[in-house]
Amino acid sequence: MDYKEMTAPCGIPCFECGAYKAKSNEVIRKRISVGFGLDYDISYCEGCRNRKGIGFLSGKNNIFPEGKCLLLNEKGECKIYLCAEEKQIHNCSECYDFPCDNLQPFGDRGNKIPHNLKIFNLSLIKKMGLENWAINKSKQTLDRYYNDKLDT
């Protein structure tokens, strides 16, 4: 696995994402197809970098109000991806302006979309190194985000 290629500039581990896993997993792909109202054939994502920052659901995006994500521009391109490309950095933890407003967490849909983990993941990448984080921490962080409660 090329963890560098499969980690988005914002620190989201594409290799742990259900939409990415759906490419080779029929059960997940069917769940995404039904859940998002997408044709089965396009119910997966190749990863942020492979899509050149084009949001997975930018064409049909019913998980955001009015079908828009404030981080996607009018062409469906992720502003964080574009910023990293412009600055010629791999991820935001390498940026002199880290953290910036592009990484602002939001409560809306936080239970379905792991984007609130961006700053935490990027901080871990900076501290641990990308490959060490990818192998030893990224899955645990996602599992904990979705499954643990503050009082456990």
Side-chain angles (χ1 to χ4, degrees), residues 1-33 35-36 38-61 63-64 67-106 109-147:
M1 168 72 62
D2 185 349
Y3 293 115
K4 188 170 184 177
E5 181 68 21
M6 294 310 300
T7 299
C10 67
I12 297 297
C14 296
F15 53 90
E16 293 293 352
C17 176
Y20 176 74
K21 290 179 178 183
K23 187 173 183 175
S24 61
N25 185 311
E26 289 185 29
V27 173
I28 296 173
R29 190 184 296 196
K30 185 172 184 178
R31 192 175 336 135
I32 288 173
S33 174
F36 293 111
L38 297 170
D39 290 335
Y40 178 84
D41 293 339
I42 62 166
S43 294
Y44 66 90
C45 181
E46 303 89 357
C48 175
R49 293 180 193 279
N50 292 326
R51 296 178 56 85
K52 305 289 187 232
I54 299 293
F56 166 56
L57 296 173
S58 61
K60 166 133 175 96
N61 192 340
I63 61 171
F64 296 108
K68 291 164 58 175
C69 167
L70 66 97
L71 291 175
L72 299 180
N73 68 17
E74 62 281 348
K75 296 178 187 175
E77 300 165 314
C78 176
K79 294 174 187 176
I80 297 172
Y81 177 88
L82 294 174
C83 182
E85 287 288 301
E86 180 182 315
K87 292 180 178 179
Q88 298 181 338
I89 58 175
H90 176 264
N91 66 68
C92 297
S93 75
E94 299 171 354
C95 184
Y96 59 86
D97 202 27
F98 173 72
C100 73
D101 286 343
N102 282 337
L103 298 170
Q104 169 73 39
F106 294 95
R109 311 246 188 337
N111 62 330
K112 296 179 183 175
I113 306 167
H115 285 269
N116 287 340
L117 290 176
K118 292 180 290 200
I119 292 176
F120 185 68
N121 284 341
L122 290 164
S123 296
L124 288 172
I125 290 168
K126 191 171 195 157
K127 178 181 176 180
M128 301 174 69
L130 186 119
E131 190 161 330
N132 188 17
W133 162 81
I135 293 168
N136 296 306
K137 193 72 172 173
S138 61
K139 182 175 183 348
Q140 175 191 2
T141 300
L142 274 175
D143 289 346
R144 190 165 188 206
Y145 181 78
Y146 285 123
N147 299 313

For the residue pair [X] and [Y], establish whether any side-chain heavy-atom pair is separated by less than 4.5 Å.
{"X": "N50", "Y": "E5", "result": "yes"}
{"X": "C14", "Y": "C45", "result": "no"}
{"X": "R51", "Y": "Y81", "result": "no"}
{"X": "P13", "Y": "L142", "result": "yes"}
{"X": "Y3", "Y": "S138", "result": "no"}

Find the distance between [atom1] ([X]) and [atom2] ([Y]) and round it off to the nearest 0.5 Å.
{"X": "T7", "Y": "M1", "atom1": "OG1", "atom2": "CE", "answer": "9.5 Å"}
{"X": "L124", "Y": "W133", "atom1": "CG", "atom2": "CH2", "answer": "8.5 Å"}
{"X": "K137", "Y": "R144", "atom1": "NZ", "atom2": "CZ", "answer": "7.5 Å"}
{"X": "I135", "Y": "M128", "atom1": "CD1", "atom2": "CE", "answer": "9.5 Å"}

Please report the closest heavy-atom contact between [X] and [Y], naming both atoms and the distance.
{"X": "I89", "Y": "C95", "value": "CD1-CB, 3.6 Å"}
{"X": "A19", "Y": "I32", "value": "CA-CD1, 3.5 Å"}
{"X": "P114", "Y": "Y145", "value": "CA-CE2, 4.0 Å"}
{"X": "F15", "Y": "M6", "value": "CD2-O, 3.4 Å"}
{"X": "I28", "Y": "G18", "value": "CG2-O, 3.2 Å"}

Q.
Under a 3.5 Å distance rule, please check whether R29 uses its side chain to pair with a backbone N or O of S24 as donor and acceptor.
A. no

Check: Under the side-chain hydrogen bond (donor to acceptor under 3.5 Å, both in side chains) rule, what pairs show up with a residue in residues 117-130, not counting sequence neighbours?
Finding: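 Sorted result for residues 117-130: empty, none.
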
ask   = Among pairs that include at least one residue of residues 89-100, which meet side-chain hydrogen bond (donor to acceptor under 3.5 Å, both in side chains), considering only residues two or more places apart or in two chains?
value =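 Those involving residues 89-100 are R49-H90, N91-S93.
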
More than 12 heavy atoms of other groups within 6.0 Å of E131 CD |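 No.
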
Original post:
Should the heavy atoms of other residues, nucleotides or ligands under 6.0 Å from CG of D39 be counted, would the total exceed 12?
Top reply: no

Do N132 and N136 have side-chain atoms, one donor and one acceptor, less than 3.5 Å apart?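 The criterion, which ignores hydrogens and geometry beyond distance, is satisfied for N136 and N132.
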
Checking C92 now: which residues fulfil side chain to side chain contact (heavy atoms under 4.5 Å, CB included) with it, not counting sequence neighbours?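 Testing C92 for side chain to side chain contact (heavy atoms under 4.5 Å, CB included), a comparison that skips the adjacent residues, returns I80, F98, L103, L122.
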
